[in-house]
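Each chain gets a letter, A, B and so on, in the order the sequences are listed, and its residues count up from 1. Every value quoted in this text rests on a predicted model; they were computed, and no experiment measured them.
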Amino acid sequence: MEAEILERSYNPENIEDRWFRFWMEEGLFRNTIREGRPNFCIVIPPPNITGSLHMGHALNNTLQDILIRWKRMSGHNTLWQFGIDHAGIATQNVVERQLSSEGFDRHRIGQERFVERVWEWKKESGGTITKQLKRLGASCDWDRERFTMDEGLSDAVKEVFVRLYEEGLIYRADYIINWCPRCHTALSDLEVNYEGVKGSLYHIKYPFPNSRDGIVVATTRPETMFGDTAVAVNPEDKRYKDSVGMEVMLPLTGRRIPVIADSYVDQKFGTGALKITPAHDPNDFEIGIKYNLGLIKAIDEKGSMTENAGPYKGLDRYKCRKKALKDLEDQKLLVKEESYEHSVGHCYRCHTVIEPLVSKQWFVKMSSLAMPAIDVIKRGEIRIIPSHWEATYFEWMNNIRDWCISRQIWWGHRIPAWHCKDCGQITVVRSEPGICKHCNGRNIEQEEDVLDTWFSSALWPFSTLGWPHSTRELDTYYPTSVMVTGFDILFFWVARMIMMGIKFMGDIPFHDIYLHALVRDESGQKMSKSKGNVIDPLLMMEKYGTDPFRFTLTALTAQGRDICLSEKRIEGYRHFANKIWNASRFVMLNLDGFSSGKPKKESLADRWIIHRLNIVTKDVTCALEEYRFNDMAGLLYQFWWHEFCDWYIEMAKDALAPDADTLDRQAAQETLVTVLDQGLRLLHPVMPFLTEHIWQNIPHNGKSIMVASWPVYDKERDDPEAEKQMTMLMEIIRGIRNIRGEMNISPGVRLKAIIKTQDQETGDIIMRHSRYIISLARLETMECGVEMVRPKASATSIIQGLEISVSLEGVLNFKEESERLKKELKKLDRDLEVLHKKLANEDFITRAPSDVVTKEKGRSSELSEKKKKLEIILKTITKCMEDAGLH
RNA sequence: GGGCGGAUAGCUCAGCGGGAGAGCAUCGGCCUUACAAGCCGGGGGUCACAGGUUCAAUCCCUGUUCCGCCUACCA
């Protein structure tokens with residue numbers, strides 16, 4: 001690749017697409033397995049086929065990409081397994097909508113044709129999210145893309161279903177389930193969102209036969225009364241003691257139902273009498289079983305009333321409610337209506353109010369699967385990060401309920417079960433059996449229901465690697481390294497993967513679970529289309545560049561905290577990208593005559609920045625190891641901007657000047673290239689495009705920064721002496737700049753500085769590096785030594801025992817300077833007061849650790865010393881003011 | 001109802017038993033030829049409230065208030 005001079009400023013447009021293509025063409029994303037290397041594997045949380053990239057995806061995949069790129073550079077065998085989820089209900093909804101716009105519905109074209117239509121749709125629109133993830137720079141092994149509905153994964157699904165069925169862990173039963181009347185399917189408990197809804201609590205009188213008296217029940221859903229099979233009261237309830245065992249008449253239909261007593265009923269709620277509708281309420285269902293009440297279905301799968309509702313038959317459930325209430329009122333049986341807020345289940349896909357229904361469905365028995373999945377977390381075989389999610393996990397797993405896995409839709413894995421019309425038995429096998437296993441009859445039909453999408457997702461960590469076949473990838477990468485996902489699907493997905501992994505692979509699916517936060521808007525609101533507060537990641541990437549966008553997400557990803565994203569932050573980090581761009585540009589413009597090699601003459605600044613680079617390498621690596629993404633970003637930001645750019649580059653300028661010593665220049669060039677190279681590598685996982693582009697244009701070895709080695713901390717390169725000396729020089733420079741700033745002296749004015757040291761040695765160090773101070777503090781001259789005398793008309797700072805005076809002959813405003821010193825003294829007094837109090841405390845001296853005491857004593861004497869010096873200076877200033885007649 | 005998390009600068013957030021931090025915003029001074037998407041400097045906080053533990057608390061414990069979130073069968 002030919003080097004090019006960088007443009008004057010960072011412009012992401014021209015570089016992102018280009019380098020992504022380069023990586024693809026070079027096959028750098030591809031998983032390569034080499035013996036003797038550690039393995040690192042992430043299976044992607046599969047995006048929905050219907051999806052397009054939102055902030056959650058952007059965050060989730062940025063973090064995964066950071067980990068994968070880091071491990072790839074560290075020399076691991078790496079696989080980031082990509083794939084897509086068929087999203088049963090969501091996809092079916094999309095295609096149904098399409099059909100309806102053409103004037104069809106799915107029942108008219110039939111299941112087979114419908115499924116074909118979905119595949120057609122997938123071919124056209126299914127690739128959207130893939131393209132978008134590539135735009136984000138995701139370094140998945142794109143050649144290994146899998147789809148939950150493809151052949152291999154479907155085999156895995158069948159295999160698992162059959163084995164669970166054979167073990168008795170899958171069963172079919174009549175049970176109360178959550179029914180979505182719009183999607184026309186059963187849903188698992190997790191797929192129902194409960195929301196507070198303002199409704200009413202209706203008090204309805206159920207009369208005794210041949211009596212005007214009766215029992216008043218309270219309900220939020222009067223339309224379900226046609227399915228009532230009893231009225232229940234608390235056995236302790238004195239009001240109803242005599243009624244238990246009697247019968248009441250169901251209003252509007254006149255059917256008789258018994259009054260029963262059960263302690264489940266809360267005397268204090270409503271009227272203390274509860275209507276029992278086993279076919280339409282999960283609790284009532286339980287009570288129904290307990291008392292053998294039978295099931296009367298009043299509402300059908302479309303949400304309309306059944307013949308059991310008598311004259312209301314065929315009415316929509318809400319229309320029926322309205323009409324029934326009016327009729328009850330006419331009959332004076334509606335005793336009271338009070339407004340009441342309660343929570344109502346909604347379909348998580350289409351937001352329709354869920355109807356609890358009794359229906360024949362397939363279930364997975366969970367308790368025996370859950371137990372080992374609890375243990376692996378307890379034993380620490382799988383770590384959840386941040387760990388506080390463990391409690392939530394245990395809570396759910398310990399109270400786990402059976403999982404309803406059948407869905408009455410057409411898009412999904414059809415349940416591999418065949419019903420025999422002759423003997424009524426079920427045959428569950430891996431492939432079309434042809435005959436009934438029980439009676440050998442040929443009159444069999446496959447179950448129409450399909451499986452919950454999460455059933456196939458639960459197998460994801462091994463099905464994508466080839467299971468049930470034995471493959472090299474499966475051998476190498478299972479258990480995978482880490483699962484990176486949002487906490488919102490901890491139960492939906494993560495827990496189920498653990499259970500299935502243990503069950504079918506005999507091993508955990510991953511070692512770590514990193515649960516990241518939700519991305520919210522800047523005021524902490526969940527982003528949603530209806531609120532109109534969504535920030536579109538694609539728009540952000542276009543506007544500010546992918547790298548700054550990724551960096552922003554990374555910098556905001558603190559463990560256990562939600563992310564409040566504002567566009568301002570992205571803009572800010574674009575400035576950071578520009579800074580890196582320009583620092584690199586500076587280096588490239590100063591490489592005349594550069595030849596790589598160990599410098600013969602290192603300056604203090606060279607030693608210092610190499611030392612800092614080494615430390616940052618250690619810290620960044622450590623942050624990654626602990627999933628502290630925000631710390632990683634912060635460390636890199638600080639190092640690049642405030643150490644490399646603000647200090648090292650400025651200090652190197654002298655050495656690069658045309659008239660500078662050749663050896664100095666060589667050392668500076670070598671250092672600049674080294675820091676740039678290593679600094680870019682450290683940054684690459686977060687900002688892949690920018691770093692690749694720059695890296696390709698500086699002296700480098702290797703094909704791509706993507707596969708350049710990850711920098712390694714080397715204890716030998718620690719240089720605490722350089723750090724110490726630089727810190728002192730930096731503080732001196734800051735001290736002089738501070739005076740300039742506070743005194744409002746323009747940067748154009750060159751100053752004279754006089755530094756009085758306490759010992760000769762320090763003076764020598766300062767003099768040896770005076771060029772840094774002269775240049776960065778913009779001095780004309782600098783003198784330094786033990787014997788220095790402060791000029792009368794000068795402003796002074798005390799730093800590390802040094803008395804730094806800036807001569808301001810003729811320009812010093814004595815009043816201003818005395819104010820400045822007084823301010824400084826006031827601050828000192830405050831600090832000293834605290835310290836004195838502490839040191840005067842006998843308990844502190846005796847009980848605090850001795851190093852703390854020593855430190856505080858040292859600080860105290862340092863500050864006292866400083867105070868003394870400042871007071872003397874203030875005195876002379878005051879005297880000067882008096883002499884000049886100022887007050 | 002149960003559980004979890006949060007309350008730190010104007011904003012968004014780190015930190016966490018011994019000297020209150022960052023980015024952005026703000027104010028003052030600068031076109032100092034890598035960068036005005038920049039440089040230099042400044043101001044700004046009883047670390048929600050009340051107790052307790054400790055030589056020492058923003059940090060640990062208890063309680064209160066307010067905000068999120070998860071979870072649950074009160075009709």
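- Of all nucleotides listed (B:A75, B:G19, B:G23), B:G19 comes nearest to the side chain of A:E856.
- A:K823 has no side-chain polar atom (N or O) that falls below the 4.0 Å cut-off from OP1 or OP2 of B:G42.
- The shortest distance between the side-chain N/O atoms of A:Y573 and the OP1/OP2 oxygens of B:A37 is not below 4.0 Å.
- Between A:R401 and the phosphate of B:U71, there is no side-chain N or O to OP1/OP2 separation shorter than 4.0 Å.
- Minimum atom distance to the side chain of A:K838 is reached by B:G19, of the listed B:G19, B:C40, B:G41.
- For B:C35, one of the phosphate oxygens OP1 or OP2 lies less than 4.0 angstrom from a side-chain nitrogen or oxygen of A:R8.
- In terms of position on RNA chain B, the residue among A:K568 and A:N11 whose nearest nucleotide sits closer to the 5' end is A:K568.
- When distances run from any side-chain atom of A:P747 to the nucleotides B:G29, B:C4, B:C74, the shortest one goes to B:G29.
- Both A:D843 and A:D631 sit near RNA chain B, but only A:D631 has its closest nucleotide nearer the 5' end.
- A donor N or O paired with an acceptor N or O is found under 3.5 Å between the base of B:C35 and the side-chain atoms of A:K579.
- Nucleotides B:A72 and B:G2 are separated by 7 Å at their C1' atoms, to the nearest Å.
- Look at B:G19: it lacks any Watson-Crick or wobble partner with both distances under 3.5 angstrom.
- Distance from the side chain of A:Y637 is smallest to B:G23 among B:G23, B:C35, B:A75.
- For A:R847, a side-chain nitrogen or oxygen approaches OP1 or OP2 of B:C55 to under 4.0 Å.
- The distance between atom CH2 of A:W396 and atom P of B:G2, rounded to the nearest whole Å, is 23 Å.
- With hydrogens and angles left out, the side chain of A:E7 and the base of B:A34 share no donor-acceptor pair within 3.5 Å.
- The listed nucleotides are B:G5, B:A37, B:A75; the one nearest the side chain of A:S9 is B:A37.
- In this structure, A:H342 does not reach the B:C73 phosphate: none of its side-chain N or O atoms is under 4.0 Å from OP1 or OP2.
- Between B:A75, B:C35, B:G18, one nucleotide has an atom nearer to the side chain of A:L274 than all others, and that is B:A75.
- Side-chain nitrogen and oxygen atoms of A:N283 include none within less than 4.0 Å of the OP1 or OP2 phosphate oxygen of B:C74.
- At the phosphate of B:G38, OP1 or OP2 sits under 4.0 Å from a side-chain N or O atom of A:H575.
- Across the strands present, B:C39 finds its partner in B:G29; the criterion is a Watson-Crick or G-U wobble pair with both atom distances under 3.5 angstrom.
- Taking the six-membered ring where tryptophan is involved, the planes of A:F487 and A:W389 are essentially parallel, since the angle between them stays under 30° and well short of 60°.
- The side chain of A:Y10 sits closest to B:A37 out of B:C39, B:A37, B:G41.
- Relative orientation of the A:Y627 and A:F629 rings is tilted, given thresholds of 30° and 60° on the angle between their planes.
- At a cut-off of 3.5 angstrom, the base of B:G19 holds at least one donor-acceptor pair with the side chain of A:R859.
- Remark: B:G51 base-pairs with B:C61. Criterion, Watson-Crick or G-U wobble with two distances under 3.5 Å.
- Interface remark: the A:Y264 side chain does form a donor-acceptor pair with the B:C73 base, using a distance-only criterion of under 3.5 Å.
- In this structure, the ring of A:Y573 has its center no less than 6.0 angstrom from the ring center of A:Y544.
- Using cut-offs of 30° and 60° for the angle between ring planes, the A:F269 and A:Y340 rings count as perpendicular.
- Nearest to the side-chain atoms of A:L589 among the listed nucleotides B:A34, B:G18, B:G41 stands B:A34.
- For the pair A:W389 and B:G3, the criterion of a side-chain N or O lying under 4.0 Å from OP1 or OP2 is not met.
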